[in-house]
Amino acid sequence: MDGKLEISLDKLPIKRLEVIEENGLERFPPDVGYEEKRESLIRRIDFAWAVEKDDKNNKQKKRSRETSAAQWEFQSMVDNLQLAHQELSVIIDLINTVEANDAVTVASMTRPRPFPNEALSDLAVSAATKLQCFRHLGKYFKQSANALEQQMAREARFYGALIRLQQNWKVKRQRAVALASGNEGFTIDLFDNSLYDPAGIFRPSPLSTVCVDHDSAGMLAINLPPKSYHSLQFGFLSAYTDDMPIDSSKTKTQSACDADKESVSDDECVKETHSLLREVHQAIFSEQVFDLVNREACNQSLGVTVTGIQENYIQLNIGQETSVFISLVPTSQGEETVDSSSTQNLENAILPLDTLDGLNLPEDKPDTPKKKSVIPNQISCEIYLLQIFHQHVFLKAKDRPTSGGGVSGQPAKEGSGLLGHFCMSLAHRIFSNKVLMELENVVRGVPYMQLTSHPTWHSRTSSWTLFVKIPQSILHACQTRASDSHHRKHVTKSQFHTKVVVTDDCINVEGEGAPNVVGLFKGTSQEICSMNRYDCDLADLSVIILQQVASQVIRWLHEEALMVGIKANWDFLCLSFELEQGETLSLVAHVDPEDTEGCISWWLVMEDGFVEERKLSLDISDGASESRKFLGHLSLEVLYSTMMDLVGLCNGGGN
Amino acid sequence: MNRGGGGGGGGAGAGGGSGAGSGPTSAAALAAAKKQKKWLESVETDIANIVDHFSYLVNVSRVNEPPVRNSQEAFMMEMRAARMVQASDSLLKLVSDLKQTALFSGFAYLNDHVEERMAEFDKQAEKTDRMLARIGEEAAASLKELEAHYYSSSVPHTHENYLQQ
């Protein structure tokens with residue numbers, strides 16, 4: 001450092017008078033503390049001359065540098081640093097000097113003021129940094145917004161679908177499941193707790209609770225394991241059925257809301273879920289019905305004979321000839337449904353006896369009708385089984401009188417249970433089909449007979465009516481004759497009917513027929529028309545029907561003969577006319593259900609007092625004997641004209 | 001169809017402060033009111049957080065001279081942005097809770113809907129029964145007519161044709 005440094009110190013600590021007052025009081029300046037005194041002395045140190053000197057030197061140097069050809073860009077910084085170094089050196093020397101004499105402390109140091117360009121560059125750097133920070137924040141906000149939007153969209157789809165499902169299904173939430181599985185824990189309860197169940201028959205099925213999940217798109221999804229639910233299947237185990245055991249209720253389903261199909265809209269997804277839940281609901285119902293069937297089968301109810309039991313399979317005997325099976329078949333999703341259990345059981349099934357024995361089925365004639373099965377349609381039986389269980393068990397809590405009516409409403413038979421009623425209905429249906437085949441055979445064999453069915457809308461009752469209609473030509477002739485004679489009030493019957501009613505396996509035949517015993521005693525049997533009503537079995541049905549019809553025809557001929565004024569006798573299948581000389585001419589009906597040319601044939605029999613002795617020795621098969629003549633299978637017109645000829649013969653003999 | 005009765009949560013729409021009396025209904029109403037209050041507070045808190053943090057972000061956009069302070073502010077900005085996103089997520093969860101509550105509330109509406117559907121299905125069942133009865137009657141009439149035609153035709157009566165020959 002150049003130059004002399006002069007330091008002036010006040011060596012004599014003389015108190016200088018500051019103020020003298022008028023009263024002579026002297027005031028001295030206040031005592032300055034030792035510290036303050038030292039500080040004030042230090043402050044009196046003036047470095048201005050040194051700084052100015054340095055500035056002059058620096059300016060000279062700068063001028064010299066400016067004139068030089070090459071300029072260093074950091075030179076200013078170097079100069080500033082050198083100046084700062086000098087100042088610091090001065091201060092350090094001062095401090096060392098002062099410390100050498102006395103301990104002092106530096107109060108403060110000020111930072112050198114930066115140049116404007118440096119300040120601006122610092123500001124630019126800071127601004128760029130802040131901008132970068134904001135951009136980073138912007139990216140972060142964008143990513144978060146996208147994620148939140150996606151989550152919101154997913155939740156909107158999920159809850160929208162769930163609220164729509166809640167319109168029809170019971171939605172529950174299990175918080176424990178939610179915590180364990182990580183999803184919301186929603187479930188759909190398919191168990192119907194409004195069912196009337198006093199005995200605790202209905203237990204909640206494992207399928208009753210269906211978990212609601214999310215698929216990859218966030219949409220509601222219900223995933224059921226394959227073949228987890230079953231459908232009820234009913235079938236006949238018979239070689240004569242035309243219907244193979246097929247699954248009528250299986251539907252190909254897929255897990256709802258397949259996320260791979262982007263074209264599936266939310267509406268379609270919800271509809272598919274509805275369908276899937278409905279199938280599961282039906283599967284639960286099928287399982288409950290199967291459970292009830294098993295219970296009733298094991299209770300040995302009337303009409304039910306269990307011949308086989310396996311898992312989800314039960315085999316029953318209907319009567320003695322037909323077997324049925326009821327099984328639970330797994331319903332797979334989206335796969336071909338193969339009824340493996342029933343086909344296996346078919347192989348091991350007990351084949352029934354020949355159900356068509358004893359029936360008159362002409363096989364050689366080309367116009368004979370097809371041999372039809374007596375087994376009813378298995379799909380209709382399956383529907384009926386489900387319907388009766390649904391109506392009489394599952395709807396017990398609801399109003400019975402309003403739902404008990406209608407086409408199919410009928411109470412089950414007491415003591416047999418619903419399964420017994422069902423089996424007896426099936427047995428009746430099979431039996432009534434056999435009865436119908438018999439009646440059709442009979443009608444086919446008698447040209448002037450017609451058959452009319454009467455639907456009873458009862459599962460165990462069937463009814464038919466067999467009509468014999470008098471041809472119009474005969475009716476006109478009868479009416480003309482009646483108007484001419486004194487029998488004006490006589491009304492010729494135009495038809496005769498025989499009613500056949502089958503209840504379960506009992507056949508009841510009712511129709512006008514033979515005179516009753518009381519009438520015979522009174523001698524006016526022709527005026528008393530009794531209704532025959534009797535039961536018969538299937539084997540005798542044809543014969544009884546034919547006899548009934550033949551007796552009706554005989555009775556009609558008898559009435560016509562009486563109207564003409566001829567005394568005739570009617571004895572069941574025989575109409576007798578008395579000739580002179582004690583001879584009797586009879587028109588006799590012969591019934592034969594197996595006669596292919598006609599079931600009712602007619603004979604003319606001549607009897608007198610001598611002929612009866614020879615009757616026993618005559619060959620009955622010879623139609624050309626002197627006392628009887630085979631007339632053949634006559635129509636009503638021919639019969640009527642034959643009868644009129646006989647009447648004429650009686651009149652001619654009388655004259 | 002089952003009536004709405006399952007699941008948790010009471011009716012949020014039941015309102016608050018009806019609480020006189022005892023029993024599950026009043027307890028449920030009190031719980032609902034408490035829950036509603038909690039949700040409102042949560043909404044207010046979250047929205048206030050979002051507004052505050054965003055205001056800070058806007059205010060801190062001024063560039064200061066000391067770079068140390070700028071670094072400090074950068075850190076604060078990141079923190080506040082994260083807090084904003086957290087508040088938004090909280091609001092979204094609140095919306096989910098509201099939807100879940102809506103699912104398990106509103107039993108009156110659900111019951112009304114179930115009643116309507118039951119009435120509709122009962123009518124449909126009656127209509128189906130009537131239709132079945134009508135179909136049965138028509139089938140019976142058709143069967144009678146067909147049988148009359150069949151048995152009065154010449155097809156089953158091959159015996160007459162034989163005699164006429």
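Protein chains get the first letters and strands the later ones, always in sequence-line order, with residue 1 at the start of each.
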Pair B/Glu73-A/Lys130, side chain to side chain contact (heavy atoms under 4.5 Å, CB included): steps then yes or no: CA-CA 9 Å; B/Glu73 285 173 350; A/Lys130 190 154 277 188; 2.4 Å; yes
Residue [X] versus chain B: region with a heavy atom under 4.5 Å:
X	result
A/Thr129	neither
A/Leu162	both
A/Phe134	both
A/Ala119	neither
A/His136	side chain

query: Given the rule in the side chain to side chain contact (heavy atoms under 4.5 Å, CB included) test, do A/Asn168 and B/Arg117 qualify, once you have shown the distances and angles that lead to the verdict?
result: CA-CA 9 Å; A/Asn168 295 323; B/Arg117 294 284 279 178; 3.7 Å; yes
What's the spacing between [X] [atom1] and [Y] [atom2] if we round to 0.5 Å?
X	Y	atom1	atom2	value
A/Phe186	B/Gln100	CZ	CD	4.0 Å
A/Leu137	B/Leu57	CG	CG	6.0 Å
B/Tyr109	A/Gln166	OH	CD	9.5 Å
B/Leu103	A/Lys172	CG	NZ	14.5 Å
B/Met77	A/Tyr140	CE	OH	13.0 Å
A/Glu155	B/Lys93	CD	NZ	8.5 Å

Atom group of [X] that falls short of 4.5 Å from chain A, counting heavy atoms:
X	value
B/Glu137	backbone
B/Asp89	both
B/Ala82	both

message: For the interface with chain B, which of A/Leu451, A/Leu148, A/Thr452 has the highest count of heavy-atom pairs at distances below 4.5 Å?
response: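 Among A/Leu451, A/Leu148, A/Thr452, the one with the most close pairs to chain B is A/Leu451.
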query: A/Ser144, A/Pro455, A/Ser453, A/Ala145: which one forms the most heavy-atom pairs within less than 4.5 Å of chain B?
result: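 Greatest number of close heavy-atom pairs with chain B: A/Ser453.
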- prompt: Out of B/Ala148, B/Ser61, B/Ser88, which one racks up the most heavy-atom pairs below 4.5 Å with chain A?
  reply: B/Ser61
statement: Pair count under 4.5 Å, heavy atoms only, with chain A: among B/Ala102, B/Ser96, B/Gly136, B/Ala139, highest is B/Ser96
field: Any residue meeting ring-ring contact (aromatic ring centres under 6.0 Å, His included) with B/His53, in chain and number order, not counting sequence neighbours
entry: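 With sequence neighbours excluded, B/His53 shows a ring-ring contact (aromatic ring centres under 6.0 Å, His included) to no residue whatsoever.
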- request: Step through the shown structure and confirm whether more than 12 heavy atoms of other residues, nucleotides or ligands are within 6.0 Å of NZ on A/Lys469.
  value: no
statement: Note: A/Phe141 and B/Ala81 closest approach over all heavy atoms is CZ-CB, 3.6 Å
